[in-house]
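Working notes for the structure below.
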Amino acid sequence: MIMDFKNKNILVTGASRGIGKRIAEAFALQGANVLLNASRESDHFKAALAEFDKAGYSCAGYACDVANTAAVKEMFAFAAEKFGSVDILVNNAGITRDMLLMKMSEDEWDMVLDVNLKGVFNCSKACIRPMMKKRWGRIINISSIIGIIGNAGQVNYAASKAGMIGFSKSVAKEVGKRGITCNVVAPGFIESDMTAALSDELKVKYLESIPVNRFGRASDVAKAVLFLAGDDASFITGQVLNVDGGMVM
Ligand code: NAP
């Protein structure tokens, strides 16, 4: 398998922890230049950057809210100055604000759609022109199986994650001729801060529905992303790859 990411510039949103951090590290280990994004300069973001620096990775960090269009433009300008234009964009930043529809506030709806879906629009738009010029690019969007099957209490999250799928298929059709692919990775239950918040009772219920009988790891998602980013995946676009231990099939 060809996995040469040397001289490739990668931007991973939401890379201060969890899945995004692991994806960023996987690319860095392959010699890529990696820009890590997070919503703010938190202690854990600073710690992640220090850890990457110590490991000798070619990397930098930039904190901004992906839902903020002007801030995203500045982040891509920073990336271009630091490494050159972004070759591989991984839209991973995501949040949940769970509530049943009848009790969900407009703010809870807007917040999740803004970060999870508008963030994908902002970042993808900011990198598409340079990718078209280079006639090579990869956009990989981290959705969720919830965007495929839905979930009670997550109308906002499910809508944002399903929206990413329609978005990705449309981008794939727009830019396929220019050597750019756009795919979706849909994780199932992955151990992270996001899932740590769930009750033990719910975790047992989820485990029973996973054929491989374990929860996923951030590295399981990172491996799928690396595959889709590589030259060996150049004939795969507009697809949704579930990384869920068989939970949804
Ligand atoms: P996590 O541990 O909660 O980390 C979320 C990351 O997103 C953090 O780096 C966070 O930065 C960043 N982020 C949040 N809001 C942002 C904003 N407005 N702008 C920029 N960055 C922002 O989440 P995770 O479990 O690793 O999930 C990563 C992605 O996978 C999400 O899109 C999630 O929906 C998806 N996913 C996760 C699972 C799972 O089981 N864990 C399953 C399916 C899909 P800060 O540190 O600054 O807050």
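In listed order, ligands and their atoms are each counted from 1. All figures in this text were calculated on a predicted structure; none of them were measured in a lab.
Rounding to the nearest 0.5 Å places CD1 of Ile180 at 4.5 Å from CD1 of Ile128. Atom CG of Leu36 sits about 10.5 Å away from atom CG of Asn92, to the nearest 0.5 Å. How far OG of Ser124 is from CG of Asn91: 4.5 Å, rounded to the nearest 0.5 Å.
Within the 4.0 Å heavy-atom shell around ligand 1 one does not find Ala186. Remark: distances from the non-hydrogen atoms of Tyr157 to ligand 1 include one below 4.0 Å. The shell of residues lying under 4.0 angstrom from ligand 1, judged by heavy atoms, includes Asn92. Remark: distances from the non-hydrogen atoms of Gly216 to ligand 1 are all 4.0 Å or more. The shortest heavy-atom distance from Ala218 to ligand 1 is not under 4.0 Å. Lys161 counts as a contact of ligand 1, since one of its heavy atoms falls under 4.0 Å from the ligand.
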> What's the verdict on side chain to side chain contact (heavy atoms under 4.5 Å, CB included) for Thr96 and Met194, showing C-alpha distance, side-chain angles and the deciding distance?
Replying inline: CA-CA 8 Å; Thr96 52; Met194 194 177 266; 4.2 Å; yes

> Step by step, would you call Leu11 with Phe76 a side chain to side chain contact (heavy atoms under 4.5 Å, CB included)?
Replying inline: CA-CA 9 Å; Leu11 196 158; Phe76 278 82; 3.8 Å; yes

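The nearest heavy-atom contact from the protein to atom 13 (N) of ligand 1 is Ala93 CB, 4.0 Å. Scanning the protein for heavy atoms near atom 43 (C) of ligand 1, the closest one is Pro187 O, 3.3 Å. With hydrogens left out, the protein atom closest to atom 9 (O) of ligand 1 is Ser16 OG, 2.6 Å, a heavy atom. Looking at atom 17 (C) of ligand 1, its nearest protein heavy atom turns out to be Ser39 CB, 3.6 Å. Of the protein's heavy atoms, Gly14 CA, 3.4 Å lies nearest to atom 12 (C) of ligand 1. In terms of protein heavy atoms, atom 10 (C) of ligand 1 is closest to Arg17 NH2, 3.8 Å. Atom 38 (C) of ligand 1 has its closest protein heavy atom at Gly188 O, 3.9 Å. Among protein heavy atoms, atom 5 (C) of ligand 1 sits closest to Gly94 O, 3.9 Å.
Considering Lys6, Lys8, Lys134 in turn, Lys134 is the only one that fulfils the salt bridge (charged side-chain N to carboxylate O under 4.0 Å, His left out) rule with Asp87. Of the candidates Asn37, Thr13, Ile23, Ile139, Val90 forms a side chain to side chain contact (heavy atoms under 4.5 Å, CB included) with just one, namely Ile23. Checked against Ile190 for a side chain to side chain contact (heavy atoms under 4.5 Å, CB included), the options Ile19, Thr195, Asp244 give a single hit: Ile19.
At least one donor-acceptor pair closer than 3.5 Å links the side chain of Asp220 to the backbone N or O of Arg217. In this structure, the side chain of Gln30 does not engage the main chain of Phe27 through any donor-acceptor pair within 3.5 Å.
For the pair Ser42 and ligand 1, the shortest N or O to N or O distance does not fall below 3.5 Å. Between Val66 and ligand 1, at least one N/O pair is under 3.5 Å apart. Distances between N or O atoms of Ile190 and those of ligand 1 include at least one value under 3.5 Å. By the 3.5 Å distance cut-off applied to N or O atoms, Gly18 is not counted among the residues near ligand 1. Taking distance alone, with nitrogen or oxygen atoms compared against 3.5 Å, Ala67 stays at or beyond that limit from ligand 1. For ligand 1, the polar-atom distance check finds an N/O of Asp65 within less than 3.5 Å of one of the ligand's N/O atoms.
At a threshold of 4.0 Å, the pair Glu25-Arg22 counts as salt-bridged, since one of the basic side-chain nitrogens sits closer than that to a carboxylate oxygen.
A donor-acceptor contact closer than 3.5 angstrom links the side chains of Asn141 and Ser168. At a cut-off of 3.5 Å, with distance as the only test, a side-chain donor of Gln154 or Asp98 sits close to an acceptor on the other residue. Trp109 and Asp114 share no side-chain donor-acceptor pair at under 3.5 Å. Ser58 and Asn33 are linked by a side-chain donor-acceptor pair at a separation below 3.5 angstrom, with hydrogens and angles left out of the test.
Of all the heavy atoms of Asn37, the ones lying under 4.0 Å from any atom of ligand 1 belong exclusively to the side chain. If you look at Ile19 next to ligand 1, the close heavy atoms, those under 4.0 Å, come from the backbone and the side chain alike. At a heavy-atom cutoff of 4.0 Å, ligand 1 is contacted by the side chain of Ser192 but not by its backbone. Of the heavy atoms in His44, only side-chain atoms (C-beta onward) come closer than 4.0 Å to ligand 1. With a 4.0 Å heavy-atom cut-off, ligand 1 is reached by the backbone of Ala15 but not by any atom from C-beta on. Contact annotation for Phe45 and ligand 1: no heavy atom of the residue comes within less than 4.0 Å of the ligand.
The aromatic rings of Phe52 and Tyr57 sit perpendicular, their planes meeting at an angle over 60°, well past the 30° parallel limit.
Linking Ile, Leu, Val, Met, Phe, Trp and Tyr whenever their side-chain heavy atoms come within less than 4.5 Å puts Leu226 and Val185 in one cluster. A single hydrophobic cluster is not seen to contain both Leu35 and Trp136; linkage of ILVMFWY side chains at heavy-atom distances under 4.5 Å, directly or through other members, places them apart.
Under a 4.0 Å criterion applied to the non-hydrogen atoms of Asp193, ligand 1 contributes the atoms 2 (O). Ligand-side atoms of ligand 1 in range of Cys64: 19 (N), 20 (C), range being under 4.0 angstrom from any heavy atom. Interface atoms of ligand 1 facing Ala38, defined by a heavy-atom separation under 4.0 Å, are 11 (O), 20 (C), 21 (N), 47 (O). Ligand 1 places these atoms under 4.0 Å from at least one heavy atom of Thr195: 39 (C), 40 (O), 41 (N). Close approach of ligand 1 to Val115 (heavy-atom distance below 4.0 Å) involves ligand atoms 15 (N), 16 (C), 17 (C), 18 (N). Atoms of ligand 1 lying under 4.0 Å from any heavy atom of Ile95, numbered from 1 in the order shown and given with element: 14 (C), 15 (N). Within ligand 1, counting atoms from 1 as listed, the ones closer than 4.0 Å to a heavy atom of Phe189 are 40 (O).
Side-chain contact between Phe5 and Ile88 is present, with at least one heavy-atom pair separated by less than 4.5 Å.
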